[in-house]
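This report refers to the structure that appears directly beneath it.
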Amino acid sequence: MVEGGISKADKTEFTECWRSVWRTPYIMKLAFSAGIGGFLFGYDTGVISGALLYIREDFKEVDRKTWLQETIVSMAVAGAIFGAATGGWLNDKFGRRLSILIADVLFFVGALVMALAPAPWLIILGRIFVGLGVGMASMTAPLYISEASPHKIRGALVSMNGLLITGGQFLSYLINLAFTDVKGTWRWMLGVAGLPAIIQFLLMLALPESPRWLYRKGKVDESRDIISKIYPAEEVENEMMAMKKSVEEEKEIEGSIGSSTFTQIKKAFGNTTCRRALYAGICVQVAQQFVGINTVMYYSPTIMQFAGIASNKTAVALSLITSGLNAIGSIVSMLFVDRYGRRRLMIISMIGIISCLIVLSVVFFQASAHAPAISGTETAHFGNNTCTAYANAPNPASWNCMKCLAKEAECGFCSNTNLYAPGACIAKTDALAGACKAENRVWYTKGCPSKFGFLAVVFLGLYIIVYSPGMGTVPWIVNSEIYPLRFRGVGGGLAAVSNWTSNLIVSLTFLTLTEHLGSSGTFLLFAGFSFLGLIAIFFLVPETKGMQFEEVEKLLQKGYSPFRKNTSSTTTKEVSDHTK
């Protein structure tokens, strides 16, 4: 998932993880139960892409108003921003376990409200509830897993949460496809999310609080009981001592930078090293969103329709490709990020993204330029149902399918029996859509018949292939290791907020952009944003592969330059000299 952090874990760690879980199944019970939150995160962010097609059919107001579609999609993101912000406070005040239980309640209530919604505004309300749950789960699930896992396999188990996010997105597309022919379509798609929320709620009731949180609250004996179930008996005391030292250091850091959020942010930007780290961390998070990834994840079936795929079911089925490739890309990243480095993967990924976006822009331009013309004869075939804008146009002979479907016209295109021949531009009503299909013609309302449509599918797939292993996962890894210890919490929080906010901006404006710039112009705009992101990454983001936290801090303290050699060995020597 594009909004959730994925911790890196090498092959040795995965092997050790398998051994530990086999010896102590309780570890997997803890990790999997909490990881359902990651699954719900992925499912609820992905399911709306297919559900939106059928919501538009049931509510004509939604079909007519682009801003209403964007609001339905993006309110979950808006809720997630607030959920993540309050989730941090809830985690510290009431614990990880209770925060997960609250997130489950929000998921369930949101799913129920959406499934029973009699009007669009109630779908929006349900999406806000779900978004609150997503925001809380995005923070709490990996935190609970990391604190309730043996340190040797922590990265592997937290990585499982990342895989569950992308797995949830992929399953949401499968569920969408499964319900395309079922009465209630989108209600089932959105309502199904309530089931895993109930399962996680029941599982978490039987599980303990995070041992680290308990220790921090002075409940040492309870913390020890849980640690004894996770670690071998001979390691328990060492782990308790390590936890004591870590918690004391954490409290000391809080004392040095203050406990209020405003004070921490002020000190973070006032510190030269942390400020440079924030430039790099926020840069990669904003770039991750402004390459347009969530336009693909949230609107994938709609984009397929822009490319000329008229059938809702076919559009949803083809969207499985993007979601499946995204899940595979997450695994590829975990295998290669420590071999080839974070900076190199991001730069290669950005170059690939820019190339794919430019090609997609060209493909959509060609599809628009070669859209079938409007035939007066074909239009007259449907009687007095001619599109009003077409009938009143000063030069109707110049019209083609794209002009017929433009927002100003608000009409539908009924294809010729020869798909690419001139067709009819008629009023957009359910009755005329049925009449068109009854004659074995294809009814279009979002995109036009195009011989270029398959190229859009191919390059959307390539876009995901180059995005997922690089810009999909690496920004989160960079943000987990680039901040000085005392500013790690506030730095990671600021970067996450910048990611969610950028996500909201992109998801809230995509359809409006396609109306004003066309699909071609919109993808070209994202290519421009991606180019700016590439330049920023090149100049601001150092390579942190194989470097200790202290080495990264020293590198940023000196100031990073892409034209100056910055190696871990050099930095290690400098750290050693500095220590002396």
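Just so it is clear, the structure is predicted and the values come from calculations on it, not from any experiment.
Side-chain N/O atoms of N294 and S507 include no donor and acceptor closer than 3.5 Å. For the residue pair N503 and Y298, a side-chain donor N or O sits within less than 3.5 Å of a side-chain acceptor on the partner.
Not one N or O on the side chain of N499 forms a donor-acceptor pair closer than 3.5 Å with the backbone of A495. With hydrogens and angles disregarded, no donor-acceptor distance shorter than 3.5 Å links the side chain of S300 to the backbone of M297. Put simply, the side chain of R97 never gets that close to the backbone of S210: no donor and acceptor are under 3.5 Å apart. Side-chain N or O atoms of E543 include one that pairs as donor or acceptor with a backbone N or O of R342 at under 3.5 Å. A distance-only check finds a donor-acceptor pair linking the side chain of Y463 to the backbone of I293 [under 3.5 Å]. Looking at S223, its side chain never comes within 3.5 Å of a backbone N or O of K219 through a donor-acceptor pair. When atom types are taken as modelled, the side chain of Q200 and the backbone of S33 share a donor-acceptor pair closer than 3.5 angstrom. Between the side chain of S49 and the main chain of Y299, no donor-acceptor pair closer than 3.5 Å is present. Without hydrogens or angle criteria, S74 side chain to L504 main chain gives no donor-acceptor distance under 3.5 Å.
Between R224 and E239, no side-chain nitrogen of the basic residue sits less than 4.0 Å from a carboxylate oxygen of the acidic one, so the salt-bridge criterion is not met.
The number of heavy-atom neighbours closer than 6.0 Å to CZ of F510, taken from other residues, nucleotides and ligands shown, is above 12. Residue K217 qualifies as enclosed at atom NZ: its count of foreign heavy atoms under 6.0 Å is above 12.
For the atom pair CG (L195) and CZ (F108), the distance works out to 8.5 Å, reported to the nearest 0.5 Å. Here the CG-CG distance, from L190 to L112, works out to 12.0 Å after rounding to the nearest 0.5 Å. Once rounded to the nearest 0.5 Å, the distance linking OG1 of T140 with CZ of F41 reads 11.5 Å. Rounding to the nearest 0.5 Å gives a distance of 9.5 Å between CD of Q288 and OG of S498. Of the inter-residue distances, the one linking N91 atom CG with I100 atom CD1 reads 8.0 Å to the nearest 0.5 angstrom. Here OH of Y279 is found 7.5 Å from CZ of F269. Values are rounded to the nearest 0.5 Å.
Of all non-hydrogen atoms in L98 and E209, the two that sit nearest each other are N-OE1, 4.2 Å. Shortest non-hydrogen contact noted between P211 and M243 is O-SD, 3.8 Å. Between C274 and N271, the shortest heavy-atom distance links the atoms N-OD1, 2.9 Å. The nearest pair of heavy atoms linking I482 to P542 is CD1-CD, 4.2 Å. Across all non-hydrogen atoms, the minimal contact from A34 to A141 is O-CB, 3.5 Å. Contact record, M136 with G83: CG-O, 3.4 Å, taken as the closest heavy-atom pair.
Inter-residue side-chain proximity for L214 and R96 is flagged as unmet; no heavy-atom pair is nearer than 4.5 Å. Contact of the I505 side chain with the Q289 side chain is not registered, since no non-hydrogen atoms from C-beta on lie closer than 4.5 Å. Looking only at side-chain heavy atoms (C-beta outward), Y483 and L278 come within less than 4.5 Å of each other. Side-chain contact between M204 and Y144 is present, with heavy atoms from C-beta onward closer than 4.5 Å. Using a 4.5 Å heavy-atom threshold, the side chains of M350 and F531 count as separate. Contact of the V474 side chain with the V284 side chain is not registered, since no non-hydrogen atoms from C-beta on lie closer than 4.5 Å. Side-chain contact check for T295 versus F526: some heavy-atom pair is nearer than 4.5 Å.
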- Could you go through the side chain to side chain contact (heavy atoms under 4.5 Å, CB included) check for K244 and Y215 one step at a time? CA-CA 8 Å; K244 178 182 178 182; Y215 193 100; 3.0 Å; yes
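No option in I72, V130, I123 other than I72 meets the side chain to side chain contact (heavy atoms under 4.5 Å, CB included) test with I48.
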